Amino acid sequence: MLSEKDLLGLKNLKAAEIEEILSRAEEMKRALVAKKIKKTLDGKTLVVLFYENSTRTRTSFELAGKYLGANVVNISVATSSVQKGETLIDTGKTLDAMKVDFFAIRHQMAGAPALLAKNVKASVINGGDGMHEHPTQALLDMLTLKEKFGRIAGLKVAILGDIKHSRVALSNLFGLKKLGAEVVMYAPATMIPAELEKFGAKIAKSREEALDGADGVMGLRIQLERQNGGLFPSLGEYSRFYGIKRELLKYAKPNAVIMHPGPVNRGVELPPELIDGAQSAIEEQVTSGVAVRMAVLQMLSEYKGVRK
Ligand code: CP
C-alpha cells in the first residue's frame with residue numbers, strides 16, 4: 001500500500017513501499033510476458049501529459065494503462081491550450097474536472113509534478129521532472145537488477161555518465177540506497193556534484209575503481225540539450241576517457257549486467273558491442289518499465305487516503 005496519492009520521487013518513499021512496488025511489478029511482468037493480464041483498471045482514465053520528448057516512458061505509461069483496461073488519453077502539448085498560454089495548474093484542473101484518475105507527467109521544470117499533484121484529485125506520477133527525479137525509471141532499473149540477482153541488498157551498482165543533469169541517477173541513488181545497495185558514481189568532475197555524497201553515493205576517482213566488483217554497470221546519456229557546453233572537451237574525448245569500454249568490464253563481476261536508461265548515444269557512453277552484447281540488460285529494462293508502470297498505476301488506484 002502506498003501512503004501518498006501520488007508517486008513524485010523515491011526520496012520520500014519508504015523502503016517497504018519500494019519493495020512492495022517491485023514485488024507487484026514482478027507479478028505484472030510475469031502476466032505481461034504470458035499475455036495474461038487482468039483488466040483491473042477497467043473504467044479508470046490515465047492522462048499522459050508530457051511537456052518534454054520521450055519514447056520509452058510515454059509509450060510504456062500508455063501501454064501499462066491500456067493493458068490494465070484503463071482509458072488512456074495522450075495530451076500533445078504542442079497542439080493543446082498550453083500553446084495559448086494556459087498554466088500547468090489550469091491544464092491540470094481542467095482535466096481533473098473531466099474526472100480522470102491518473103496523470104503521468106514529464107516536465108522540464110523540477111517540481112512541476114508536485115505542483116500539479118497539489119492541485120488535482122487524480123494521482124500524479126512523475127515521468128521525469130528537470131534534473132530532479134525519474135522514479136519509475138529507477139524502479140524499473142531496480143526490478144531488472146532484482147530479477148537478475150534475486151536481491152538488491154548488497155549489490156554494487158556503478159553509474160557513469162552525465163550525473164549532474166540526470167534525474168535517473170538521483171532516483172536510482174535514493175532507491176538503491178534505501179534497499180541496501182552500494183552506489184558508486186564516476187564522471188568528469190564538471191558533471192558530478194559533490195553533494196551526492198550526502199545522499200550516500202561514493203564518488204570514484206577512475207572508471208576502474210567505479211567498476212571494481214560491480215554487479216550493475218549503468219551508463220547515462222550525455223544530455224547535450226541541458227548543458228551550455230564546456231563540461232568536457234568533445235564527445236570523442238568523453239568516450240575515450242569516461243565511456244564504458246569492453247576492456248574495463250574485467251574489473252566488474254563476471255556476471256555483471258550493463259544497463260542504460262536510453263536513449264543511448266551509441267559509441268559515446270557505450271560501444272555498440274556492449275549495448276547489443278550478452279551482458280546487456282537494456283531491452284529487459286524496457287520490458288521492466290511497462291511492468292513497473294502497471295504496478296504503480298494499480299497501487300495508486302488502491303490508495304484510500306484523502307485526495308486534495
Ligand atoms: N529513459 C527514458 O526516460 O527514456 P525516454 O526519454 O525515451 O522516455
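Below, all heavy atoms of this structure are taken into account, side chains as well, without hydrogens, waters or symmetry copies. Being a predicted model, the structure only gives us computed values, none of them experimental. All ligand and atom numbering here is 1-based and tracks the order in the structure.
- Arg221 places no side-chain N or O within donor-acceptor distance of the main-chain N or O of Pro261, the cut-off being under 3.5 Å.
- Atom CG of Leu13 sits about 6.0 Å away from atom CG of Leu7, to the nearest 0.5 Å.
- Around ligand 1 you find Ser54, Thr55, Arg56, Thr57, Arg106, His134, Gln137, Pro261, Gly262, each with a heavy-atom distance below 4.0 Å.
- With no hydrogens or angles considered, a side-chain donor-acceptor pair links Thr91 and Glu86 at under 3.5 Å.
- Screening Asp42, Asp101, Thr45 for a side chain to side chain donor-acceptor pair (under 3.5 Å) with Asn71, the sole residue that qualifies is Thr45.
- Every pair passing salt bridge (Lys or Arg N to Asp or Glu O under 4.0 Å) that includes a residue from residues 123-149 is listed here, sequence neighbours excluded: Glu26-Lys146, Lys29-Glu147.
- Under the 6.0 Å distance and 45° angle rule, Arg293 counts as a cation-pi partner of Phe61.
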